[in-house]
Colleague: 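Quick one: the structure is below, and I'll ask about it shortly.
These numbers come from the heavy atoms of this one structure, side chains and all, not from hydrogens, waters or symmetry mates. Quick note on labels: first sequence line is chain A, next is B, and so on, each numbered from 1.
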Amino acid sequence: MDTHPHYDDVDFGTPERVSDTAVTLQIDGFAVTVPQGTSVMRAAVQAGTQIPKLCATDSLEPFGSCRLCLVEIEGRRGFPASCTTPAEAGMVVRTQSPRLAQLRRGVMELYISDHPLDCLTCPTNGDCELQDMAGAVGLREVRYGYEGLNHLKDQADLSNPYFAYDPSKCIVCNRCVRACEETQGTFALTISGRGFASRVSPGESEPFMGSECVSCGACVNACPTATLMEKSVIDAGLPDHSVITTCAYCGVGCGFKAEMKGNEVVRMTPWKDGKANEGHACVKGRFAWGYTTHKDRILKPMIRSKITDPWQEVSWETAIAHAASEFRRLQEKYGTDAVGGITSSRCTNEETYLVQKLVRAAFHNNNVDTCARVCHSPTGYGLGQTYGTSAGTQTFKSVEHSDVILVIGANPTDAHPVFGSRMKKRLREGARLIVVDPRKIELVQSAHVQADFHLQLRPGTNVAMISALAHVVVTEGLVNERFVEERCDAESFRVWRDFVARPDNSPEAMEPVTGVPAALVRQAARLYATGGNAAIYYGLGVTEHAQGSTMVIGIANLAMATGNIGREGVGVNPLRGQNNVQGSCDMGSFPHEYPGYRHVSDDATRLLFEKDWGLSLRKEPGLRIPNMFEAALDGSFMGLYCQGEDIVQSDPNTQHVTAALEAMECIVVQDLFLNETAKYAHVFLPGSSFLEKDGTFTNAERRISRVRKVMAPKPGLADWEVTVALSNALGYPMHYEDPSEIMDEIARLTPTFSGVSYTRLDQLGSVQWPCNAQNPEGTPLMHIDRFVRGKGRFMPTQYVPTDEKITPRFPLLLTTGRILSQYNVGAQTRRTENVRFHEEDRLDLHPHDAEDRGIQDGDWVGITSRAGETVLRARVSDRMQPGVVYTTFHFPESGANVITTDNSDWATNCPEYKVTAVQVVKVMHTSEWQDAYQRFNANQLRLLQEKV
Amino acid sequence: MNHDSTARAQHLIKMANDIGAFFEAMPDQHQAARDVAAHIRKFWEPRMQRSFLEYLQSHGDTALKPVVREAARTLNA
Ligand code: SF4
Ligand code: SF4
Ligand code: SF4
Ligand code: FES
């Protein structure tokens, strides 16, 4: 196994303070200098002394309740609590004295007298702060006896699938309550009762599962005892070693400690020093890793000649040789361009890089695309055109400096939960919030968060809205003239200004289009332009539209015009859906560009790659995913290598996709499971989970983090080795001993990555690109003094109504999204206990629309669009506006994408998932598509079972 | 061209017009036409460019927005 850097986990007791003033004090005779505002407790740790503590931990504000951390301070009376006492210049502190020892023992004695003494059989034996403290204060006997009133018989709450709550062990330190409030921002826990009777409880004494709890695990992390405890640890025992790695779910890219016992993961805990998450996590990364050992995983390669044949298990050599000979056969028969590859944002940078290299070098065409096509390709185009680089401008931490937060078409509390918590924290501190979304997402109104403005527009009218906001900025004199003059292209600004100032772009003119009162739009625009540091966060509600790229450009324009670029607290921040969306785009997965966003027609770049790879390369762009489907139906695209992506479930207009796949002669799928695409495949190459591989992921803030192997790849070969083997079999040999060498090649060929290496990543923990000679430690903030392209470029954003219009036949607009507990196509999360939080996709509709149709909550409803029909159960919800319905797409049998159409973004072909005209009616049985799907699926599962 | 491939070529016409709809907001329509052509060259695989032009040849270019029509004339080159 490679060298894993060792990162310490010191608990400083109270959070870090930032101050320009430093104070020096003496602790136990040693001088220590800390920023003003730092607690005596933290200063002591810095000086090398751990003061006993129970209610304090450095992820939470001090609370001062346990009285274990008492110290003596010269010139002060009594024994102040060191966690709540700020260090002052010249202070002389003593942390040990006979009197302090006696006081601390007394405190501990009280705790222990109401605590079960089953340490030897307790699941946290050896990892319990109460036990540690009893040792630290030298407690040897308990005078009060255990016969008195105690909580030892309190019933445990086992309702949560992942953690247990055993109140008999609770010392009422309040850390869990504060973690839920401060870290997670959910406010699910309270201390109910008073004095002796006080106990932690979710909501109004509900079980965890019935409460507001979102299962983030922050309270479990914070709990110093075995009261809140991972069930996996209760079952398997405490870990014996751990490895730092990165979450394989969403684009936040949280750092984790994979805590291991031998070769088994015992728990995943958020890494304190992970810069994306700073010690927090969500239910997916923290708990939903059980899929990695799920019985559905396929561990042996398989082939078959027709999709109606049973699978045949074969050796790696046979499978690879077969795939290679099929690809070569197809190229001979139909031409060089008849095959291609698809990479996934669920794969590492190194894996993705290799697939595009295989396509360009071994297939000798540019037919490579990635699932970012269907999510954030407009971000790449829009930000590339205006700023010169295809990425967000900030770090996540930057939001701590924002005064105004504008969230457009994103739902961070569900889709980017750890960042959502960060954002909520800033909002609780007083930042103002504008939400632009057709739905009343959680941020609009939740515990201690209330949006100042919710611009609840009709789906498909984003561009009308952004132009209207810009109109107010321009016509009310709110442009940051100085910024524009210094930093932006003057002519493009003039054209844009004249365009948005036109009366047809005013909020009043756009009101009938967006459905949002003009006065609200005006107020929101003023707030954004004048409220201080204003930051925009956006998601797929911006990109997945026919005008997705136009909207990204509109956002970029607005931020430039108001000077909200190039410093902390501002910026344009795409929230990426999957873990490695940013990375897969950076790695040259798009058919028109090499790693680092350089067009294939650029001679200098092509020459660079030709020299390094030792062959000539093609200069015409290749096919994008939807174009591959079209070409397949035209008979000119017949073979596909699809790594880690489930196009059948995730791409729009399912029936069109499956028709295209059926038209192809060889589909090679590399995945953990027999996903929906694999049911159309001829070769199945078993993939490895993130726990089984070395590599890197790049998150939404351009942060490159290591993924570290904690166990051997279950199928025998790691994913990168499979691609190498395939390339070798195709006659283009690749030589790598280790994924670090792939990264070295990327660094060698990509200027923005030239300073990246595994050694550098181990040293720094993670790094944000560009990382090169000028920025050896990476670039947290982009465009500080100048835009990457030089001058920022404005572009007019003409609103063009989508073709998906409501008609008497299809009078409602369907929009799609995701929820917290499930991830994308659900292949992973559906194979975990997370199904208990969300066991089916439902159709949300407004009470009026439900009533009009005689639909009640829980009824089966048929949803029909011009593309297809499916049936789901209804949920009547006032999060919706009348006329708009909503569903998620986590379960294949829901067929959410049977209904979505093949409309797409004009610039990138990113599908218009967010707007489909539909009709909804109450029905008694499943749709024709669903019946056909059930039959097809049952048959495919049988063919898997009957494998020979 | 069979019925399906005609439908697919028509889809390309729509895609081209959608591109045109973005660039026609620029004040200089000739520049806009150059931008449309550049966009198509940059992002459309040769097969797509070919079917697009073939369709125009057999069906004429009346279905195109003026700015796309101007762009299409420079594409064969
Ligand atoms: S798991 Fe998270 S949301 Fe649930 S109670 Fe604990 S901190 Fe709160
Ligand atoms: S459950 Fe744990 S963190 Fe919460 S009050 Fe009890 S001991 Fe403290
Ligand atoms: S899913 Fe996202 S927010 Fe949750 S732990 Fe993983 S990276 Fe973090
Ligand atoms: S740790 Fe300071 S009072 Fe509890």
Colleague: Could you name each residue pair satisfying salt bridge (Lys or Arg N to Asp or Glu O under 4.0 Å) that touches residues 13-33 of chain B, not counting sequence neighbours?
Modeller: A:Asp803-B:Lys14, B:Lys14-B:Asp18, B:Glu24-B:Lys65
Colleague: Heavy-atom distance under 4.5 Å to chain B: side chain of A:Ala631, backbone, both or neither?
Modeller: side chain
Colleague: Measure A:Asn903 against the heavy atoms of chain B and call it side chain, backbone, both or neither at under 4.5 Å.
Modeller: side chain
Colleague: Taking every non-hydrogen pair under 4.5 Å, which of A:Thr797, A:Val600, A:Asn627, A:Thr908 racks up the most with chain B?
Modeller: A:Asn627
Colleague: Any heavy-atom pair between the side chains of B:Glu45 and A:Asp337 that's under 4.5 Å?
Modeller: yes
Colleague: Could you state the interatomic distance from CE (A:Met795) to CG (B:Asp35), rounded to the nearest 0.5 Å?
Modeller: 7.0 Å
Colleague: Please report the closest heavy-atom contact between B:Pro46 and A:Pro621, naming both atoms and the distance.
Modeller: CD-O, 3.4 Å
Colleague: Indicate the atoms forming the closest heavy-atom contact of B:Phe22 with A:Ile553, along with that distance.
Modeller: CZ-CD1, 3.6 Å
Colleague: Please name all residues satisfying ring-ring contact (aromatic ring centres under 6.0 Å, His included) with B:Phe43, sequence neighbours left out, ordered by chain then number.
Modeller: A:Tyr381, A:His592, B:His39
Colleague: Contact part of A:Ser636 toward chain B, heavy-atom cut-off under 4.5 Å: side chain, backbone, both or neither?
Modeller: both
Colleague: Looking at B:Arg47, B:Met15, B:Met26, which makes the most heavy-atom pairs under 4.5 Å with chain A?
Modeller: B:Arg47
Colleague: If you tally heavy-atom pairs under 4.5 Å against chain B, which of A:Glu630, A:Gln798, A:Glu620 wins?
Modeller: A:Glu630
Colleague: Are more than 12 heavy atoms from other residues, nucleotides or ligands located less than 6.0 Å from atom NZ of A:Lys805?
Modeller: yes
